[in-house]
Student: 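Dumping the structure here so I can ask a few things about it.
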Amino acid sequence: MIKTIKKYLEFLKNLTIIPWKYKKSIWHLLRKKGLKSVGNFLFVKYFVADEGGEAAVLNNLITATKLSSLAPYPFKIEVEHTTICNKKCIICERSYWGEKSERLTFEQFKKIIDQFPKLKWINVTGEGTGFLNPDFLKIIEYLRSKDISVNFVDEFDFIDEAKARKLIELGVNCIWISMDGATKEIYEKIKVGCNFEKAVNNIKMLLNLKKQLHSPFPMLCFRFVVNKLNYKEMPKMVELIHSLGDLGEGSKLEFVGLLTFKEIEKYYLPEIPKEILEETVETGRKLGIRVKFSHISESKLSAIEKCAAWTEPYIMIGGYVLPCCAVLMSNKRDFLRKYAFGNFYQQLFKEIWYSERYKKFRKMVLKNNEKVPILCVGCRAYNTTEREKRYGCSSSI
């Protein structure tokens, strides 16, 4: 009971401090774009777990009430716009594919976005490098013209000064930097084809440009995928992030567990040594770096009925509609295409979202006495194992 009360009070505290936490960003938007833009910005901070994550009000309400009907037509989505990449990162599923590289053109992307009239947030994503899609900046410009909050992940290999300036001027909200090592040796061993010094210098270049242009955007966050090769560098990663300077309001360093598949099982680390975790946390506290841990150990994951990630659909290249991003990076693309809820090129998204199968899926996830939907089995964000042992899985949902 006491634990529940503390959690509730912490939640209320987070609700009240958000405007103060992002005061520079709010003031910048008020001067540049007006009150409506400030409202959109705060809406995202309160309702989108993937940007900020302090509140996620709707997600918490849905899981507390177990009412999937509270989920509106999506206002937050993820769209895979490219699978083109010139790297061979050893923990990435793309390095082990036999699939052809693809991308969405601007017109194809626009056709998707225009089916979401109240879209507030998007992760422009993909199993590839964004800047190798020649329409990438045009896509971002279109989204920002509609005042949609834009996130994307990048390794900072192709961001030169001109592109950095454009991203700042467009007001991209957040860039997640994929950085799986704090030293050149480990970084380049994992991210084959990437250059450690180039990435660091490009990050510094963008931060300097932000200062020159007096912009709080984009906020920079870092994602470090923990595995057997790099876990000892976790405290050093905190130090590296601190050395870069001001990353923007709400920035954070997230350590995430490795989603395994056959080819990379040898890199999987079941548990991070306690001393490494403690040193990482303590280093973050001392240096003022916001450190988060996600999907590190299945034993510490919340049960699947606590999941509301399905409120943020993932649209895989080829038009396949999936429940969320957690089903990706599993090296089973044929499986995902087979069990997708529908296809953008065959139906309107509204028809897919309100289909009986999709509605049944949403209800099933929240019930602790139901089978586990087949798309959710083995999720790295939530524990599906215990429920699957009791009730099995549903191969039709």
Side-chain angles (χ1 to χ4, degrees), residues 1 3-4 7 49-50 56 59-71 78 91 93 96 225-228 231 254-274 277 292-314 316 320-341 355-397:
M1 182 65 178
K3 189 176 180 181
T4 302
K7 187 177 180 181
D50 285 342
N59 285 20
N60 282 285
L61 182 61
I62 289 170
T63 54
T65 61
K66 304 298 180 186
L67 294 174
S68 61
S69 57
L70 292 178
E78 299 189 66
I91 58 174
E93 65 173 345
Y96 306 94
V225 180
V226 181
N227 58 73
K228 286 182 178 178
Y231 74 93
E254 185 178 51
F255 294 100
V256 300
L258 179 67
L259 178 62
T260 59
F261 46 88
K262 181 181 178 182
E263 290 84 353
I264 65 170
E265 285 176 352
K266 59 186 175 183
Y267 302 121
Y268 179 67
L269 184 71
E271 293 286 341
I272 300 170
K274 185 180 178 182
L277 276 175
K292 296 289 181 181
F293 301 93
S294 300
H295 327 321
I296 294 295
S297 169
E298 185 180 8
S299 64
K300 297 175 183 177
L301 297 179
S302 297
I304 182 178
E305 52 267 24
K306 298 289 186 180
C307 173
W310 46 265
T311 59
E312 189 178 299
Y314 188 103
M316 196 168 83
Y320 298 93
V321 177
L322 301 170
C324 67
C325 67
V327 300
L328 273 293
M329 196 51 75
S330 51
N331 202 22
K332 51 181 184 180
R333 305 275 287 192
D334 286 338
F335 170 87
L336 296 178
R337 285 186 279 260
K338 178 180 178 179
Y339 289 102
F341 291 109
S355 67
E356 288 305 312
R357 182 176 166 230
Y358 213 154
K359 287 192 288 186
K360 186 177 179 181
F361 166 85
R362 296 194 288 269
K363 290 178 182 178
M364 185 180 288
V365 170
L366 295 171
K367 293 181 179 179
N368 62 6
N369 59 352
E370 284 271 10
K371 292 180 178 181
V372 176
I374 193 167
L375 275 167
C376 299
V377 172
C379 177
R380 71 170 178 175
Y382 291 88
N383 188 335
T384 65
T385 304
E386 297 306 313
R387 200 162 114 186
E388 189 182 356
K389 285 179 182 176
R390 292 195 304 270
Y391 304 106
C393 78
S394 173
S395 59
S396 60
I397 302 295

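For this chain, numbers begin at 1 and follow the sequence in order.
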Student: Just wondering, do Tyr391 and Glu370 contact through their side chains at under 4.5 Å, heavy atoms?
Tutor: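 The answer is no, as the side chains (C-beta and beyond) never meet within the 4.5 Å cut-off.
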
Student: Mark yes when over 12 heavy atoms from residues, nucleotides or ligands other than Lys292 sit less than 6.0 Å from its NZ; otherwise mark no.
Tutor: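 No, NZ of Lys292 has 12 or fewer neighbouring heavy atoms, counting only those of other groups under 6.0 Å.
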
Student: Would you name the heavy atoms of Gly378 and Leu259 that are closest together and state the gap between them?
Tutor: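 It is O-CD1, 4.4 Å.
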
Student: What closest approach, in Å, do Leu322 and Tyr358 show between heavy atoms, and which atom pair accounts for it?
Tutor: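 The answer is O-OH, 3.8 Å.
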
Student: Which pair of heavy atoms, one from Ser68 and one from Leu366, lies closest together, and at what distance?
Tutor: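 Heavy atoms only, the tightest pair is N-CD1, 3.6 Å.
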
Student: Hey, what do you get for CD1 (Ile304) to NZ (Lys367), rounding to the nearest 0.5 Å?
Tutor: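 Rounded to the nearest 0.5 Å, the CD1-NZ separation comes to 13.5 Å.
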
Student: Flag this pair as yes if the NZ/CZ of Arg357 is under 6.0 angstrom from the six-membered ring centre of Phe361 and inside a 45 degree cone about the axis; otherwise no.
Tutor: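 Not flagged: Arg357 not positioned over aromatic ring of Phe361.
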
Student: First locate atom CG of Asn227, then atom CD1 of Ile91, and finally report the distance between them rounded to the nearest 0.5 Å.
Tutor: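 CD1 of Ile91 is found 5.0 Å from CG of Asn227.
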
Student: Between Asn368 and Arg390, what is the shortest heavy-atom contact and its length?
Tutor: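 Scanning both residues completely, I find the closest heavy atoms to be O-NH2, 3.5 Å.
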
Student: Supply the atom-to-atom distance Cys307 SG to Leu301 CG, rounded to the nearest 0.5 angstrom.
Tutor: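 Cys307 SG to Leu301 CG: 11.0 Å, rounded to 0.5 Å.
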
Student: Return yes when atom NZ of Lys363 has more than 12 non-hydrogen atoms of other residues, nucleotides or ligands closer than 6.0 Å, and no otherwise.
Tutor: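 No, not enclosed.
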
Student: Measure across Pro373 and Met364 and return the closest heavy-atom pair with its distance rounded to 0.1 Å.
Tutor: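 Result for this residue pair: CG-SD, 3.7 Å.
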
Student: Does some side-chain heavy atom of Tyr96 sit less than 4.5 Å from a side-chain heavy atom of Ile264?
Tutor: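 Side-chain contact under 4.5 Å: yes.
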
Student: Between OG of Ser395 and CD1 of Ile374, what distance do you get to the nearest 0.5 Å?
Tutor: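 Spacing of OG (Ser395) from CD1 (Ile374) equals 5.5 Å.
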
Student: Under a 4.5 Å cut-off applied to non-hydrogen side-chain atoms, are Tyr382 and Ser302 in contact?
Tutor: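 Side-chain contact under 4.5 Å: yes.
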
Student: Calculate, to the nearest 0.5 Å, the distance between atoms OH and SG belonging to Tyr339 and Cys376 respectively.
Tutor: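 Here the interatomic distance stands at 13.0 Å.
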
Student: The criterion is side-chain contact (heavy atoms from CB on, under 4.5 Å); which residues satisfy it with Val256, sequence neighbours excluded?
Tutor: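 By the side-chain contact (heavy atoms from CB on, under 4.5 Å) rule, Val256 matches Arg223, Val225, Glu254, Ser294.
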
Student: Which is it for Glu78 and Glu312 under the side chain to side chain contact (heavy atoms under 4.5 Å, CB included) test, yes or no, and what are the steps along the way?
Tutor: CA-CA 7 Å; Glu78 299 189 66; Glu312 189 178 299; 2.9 Å; yes

Student: Tell me whether the count of non-hydrogen atoms from other residues, nucleotides or ligands lying under 6.0 Å of NZ in Lys66 goes above 12.
Tutor: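 Yes, enclosed.
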
Student: Could you grab the distance from atom CG of Asn383 to atom NZ of Lys306, nearest 0.5 Å is fine?
Tutor: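 Asn383 atom CG to Lys306 atom NZ measures 13.0 Å (nearest 0.5 Å).
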
Student: Do you know the tightest heavy-atom contact between Ala56 and Ala49?
Tutor: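 Distance-wise, the nearest heavy atoms are CB-CB, 3.8 Å.
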
Student: Do Trp310 and Ile62 make a side-chain contact, defined as non-hydrogen atoms from C-beta onward lying under 4.5 Å apart?
Tutor: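 Heavy-atom side-chain distance check passes, below 4.5 Å.
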
Student: Test side chain to side chain contact (heavy atoms under 4.5 Å, CB included) on Ile397 and Lys371; report intermediate values, then the result.
Tutor: CA-CA 10 Å; Ile397 302 295; Lys371 292 180 178 181; over 6 Å; no

Student: Return a table of donor-acceptor pairs under 3.5 angstrom between the side chains of residues 326-338 and protein atoms on other chains or two or more places apart.
Tutor:
unit_1 : atom_1 : unit_2 : atom_2 : d
Ser330 : OG     : Val327 : O      : 3.0
Asn331 : ND2    : Glu263 : OE1    : 3.3
Arg333 : NH1    : Glu80  : OE2    : 3.1
Arg333 : NH2    : Glu80  : OE1    : 3.0
Asp334 : OD1    : Arg337 : NH2    : 2.8
Arg337 : NH1    : Glu99  : OE2    : 3.4
Arg337 : NH2    : Glu99  : OE2    : 2.5

